Amino acid sequence: MLGSASPRRYELLAALGASFTVMTTDAEEAETDVPPEVLGALPTAEMPLRYHPTLLAWRKTHAVAEHALDAVVLGADTVVVIDGEVLNKPRDEAEAHLMLRRLSGRTHRVYTGLCVAGAFASATTPESAQTTLYEALPEPIWLPLHHEAPHAVLATAARRPFWLDIEMSEVVFAPLTEAQITAYVATGEPRDKAGAYGLQGMGGQLIKAVYGSYTAVVGFPLAAVVRLLRGAGVTGLSDATASYYAWLARQQKEPLPWPPTLP
Ligand SMILES: Cc1cn([C@H]2C[C@H](O)[C@@H](COP(=O)(O)OP(=O)(O)OP(=O)(O)O)O2)c(=O)[nH]c1=O
């Protein structure tokens, strides 16, 4: 189950050949307490805790997982960071303009946090998910099932595994004129994007290079997603690189020529 309303995340998960449904909540805005296990497992990142994309990914995933005991649930969150400051989605065109002026001619970082909750069925024997063949898979944290779980389930005092991860890419912007920024903002593309641009859309023309994962910038780092989902027991997923090229081809796009882009 995908805990995201982002069309890019939908497309990219579909490109992996996964069969899934979407469920979204407003958990991102919630300020509810975070279990110490989650705080302790957050990857180090250069931003205040409330913007930490892995924490926000956990909030989204956990909120959906409470309603989906039998599903593997995936959530993600993306932020743009420049000069140690986080750029989220712009509130309006004026803010989009300011963000793009700030990114113009410079290199910034994009972080996408990921969280995957294992299905309850695979969580009944906690050890089973810890002995994984996927070496780079982070250790899961184990959280109790929600209090709304059926009584019989609660009686087992079962816990559910959550895997947390983060991916960082660097993006080099071309120097932009005021006219270019105005024209790009007028397309409406910046509206629902962290940092007010879409690498995968017309915004790609504003960018000189991407170091690291291309799909992390778009909000769904394919290689890391495949690793986490496989670790949670999902089978039948396509290879991340092949899915990346197929996704680009469907949009009649070529991979960036230099440096060689990673999925
Ligand atoms: C930098 C950049 C961001 N983005 C998008 C990815 C995310 O959808 C969005 C950041 O907002 P998010 O809050 O990460 O995601 P969302 O609100 O779109 O979806 P949900 O919370 O339901 O999962 O910015 C691009 O599409 N291309 C880009 O180049």
Side-chain angles (χ1 to χ4, degrees), residues 4-9 11-12 28-29 43-57 60 76-114 165-224 244 247-248 251 253-263:
S4 171
S6 158
R8 281 76 53 177
R9 295 193 179 121
E11 276 169 25
L12 285 162
E28 197 179 347
E29 282 85 46
T44 312
E46 48 164 336
M47 76 270 306
L49 191 60
R50 68 180 185 284
Y51 297 125
H52 198 305
T54 311
L55 177 59
L56 295 175
K60 294 178 192 182
D77 192 83
T78 303
V79 294
V80 164
V81 179
I82 186 158
D83 301 326
E85 207 177 298
V86 174
L87 308 186
N88 273 312
K89 296 175 191 173
R91 274 187 296 272
D92 50 29
E93 291 201 348
E95 195 179 22
H97 198 107
L98 286 177
M99 286 184 180
L100 290 162
R101 194 186 290 153
R102 190 145 177 208
L103 297 173
S104 166
R106 300 188 54 199
T107 300
H108 67 270
R109 291 179 170 180
V110 181
Y111 291 86
T112 290
L114 292 173
D165 211 347
I166 199 164
E167 194 77 38
M168 189 275 286
S169 304
E170 287 192 322
V171 178
V172 185
F173 253 66
L176 307 177
T177 62
E178 285 297 304
Q180 271 176 310
I181 295 176
T182 304
Y184 180 56
V185 171
T187 67
E189 191 175 276
R191 200 179 306 129
D192 62 341
K193 317 261 179 348
Y197 72 95
L199 168 64
Q200 72 281 17
M202 290 170 275
Q205 293 162 23
L206 315 176
I207 282 148
K208 283 213 310 214
V210 174
Y211 295 90
S213 160
Y214 181 103
T215 53
V217 181
V218 178
F220 204 74
L222 280 175
Y244 167 58
W247 175 74
L248 282 176
Q251 303 165 77
K253 282 202 156 186
E254 304 270 321
L256 293 180
W258 188 91
T261 49
L262 302 167

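Computed from a prediction, not measured in an experiment: that's the story for all the values here. Positions are given from 1 along the sequence.
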Exam field: side chain Arg9 to backbone Gly219, donor-acceptor pair closer than 3.5 Å: yes
Heavy-atom closest pair, residues Glu167 and Ser213: CG-CB, 4.2 Å
Between CD1 on residue Ile166 and CG on residue Leu114, distance to nearest 0.5 Å: 9.0 Å
Heavy-atom donor-acceptor pair, Glu189 side chain to Met202 backbone, under 3.5 Å: yes
Contact summary for Tyr111 and Ala45, nearest pair of heavy atoms: CE2-CB, 4.4 Å
Distance in Å, Arg106 CZ paired with Leu176 CG, rounded so as to fall on 0.5 Å steps: 12.5 Å
Minimal non-hydrogen separation, Val79 against Tyr51, with atom names: CG1-O, 3.8 Å
Reported CE-to-CG distance for the pair Met47 and Leu49, which is rounded to 0.5 angstrom: 10.5 Å
Worked verdict on Gln200 versus Lys193 for side chain to side chain contact (heavy atoms under 4.5 Å, CB included): CA-CA 11 Å; Gln200 72 281 17; Lys193 317 261 179 348; 3.8 Å; yes
Pairs involving residues 171-190, ordered by first then second residue, that meet ring pair (Phe, Tyr, Trp, His ring centres under 6.0 Å) (sequence neighbours left out): His108-Phe173, Phe173-Tyr197
Flag side-chain contact, heavy atom, 4.5 Å: Val80 against Met99: no
Steps toward side chain to side chain contact (heavy atoms under 4.5 Å, CB included) verdict (Phe220, Glu11): CA-CA 10 Å; Phe220 204 74; Glu11 276 169 25; over 6 Å; no
pair Asp165-Thr54: side-chain heavy atoms closer than 4.5 Å: no
side-chain contact (heavy atoms from CB on, under 4.5 Å) partner of Thr107, the single match among Ile82, Val171, Val172: Val172
Contacts of type side-chain contact (heavy atoms from CB on, under 4.5 Å), residue Ala57, not counting sequence neighbours: Cys115
Distance, nearest 0.5 Å, that separates OG1 of Thr44 from NE2 of His52: 7.0 Å
Flag, side chain of Ser104 to backbone of Leu100, donor-acceptor distance under 3.5 Å: no
Separation of Glu85 CD from Arg102 CZ (nearest 0.5 Å): 4.0 Å
Distance-minimising heavy-atom pair for Gly212 and Ser169: C-OG, 3.9 Å
Heavy-atom donor-acceptor pair, Thr112 side chain to Ala216 backbone, under 3.5 Å: yes
Qualifying residue, where the test is side-chain contact (heavy atoms from CB on, under 4.5 Å) with Leu199 and the options are Leu206, Ile207, Thr215: Ile207
Between NZ on residue Lys89 and CD on residue Glu95, distance to nearest 0.5 Å: 12.5 Å
Shortest non-hydrogen contact from Thr78 toward Asn88: O-OD1, 4.4 Å
With sequence neighbours excluded, residues passing side-chain contact (heavy atoms from CB on, under 4.5 Å) with Asp192: Arg8
Side chain to side chain, Trp247 and Tyr214, heavy atoms closer than 4.5 Å: yes
Considering all heavy atoms, the nearest Gly113-Pro53 contact: N-CB, 3.4 Å
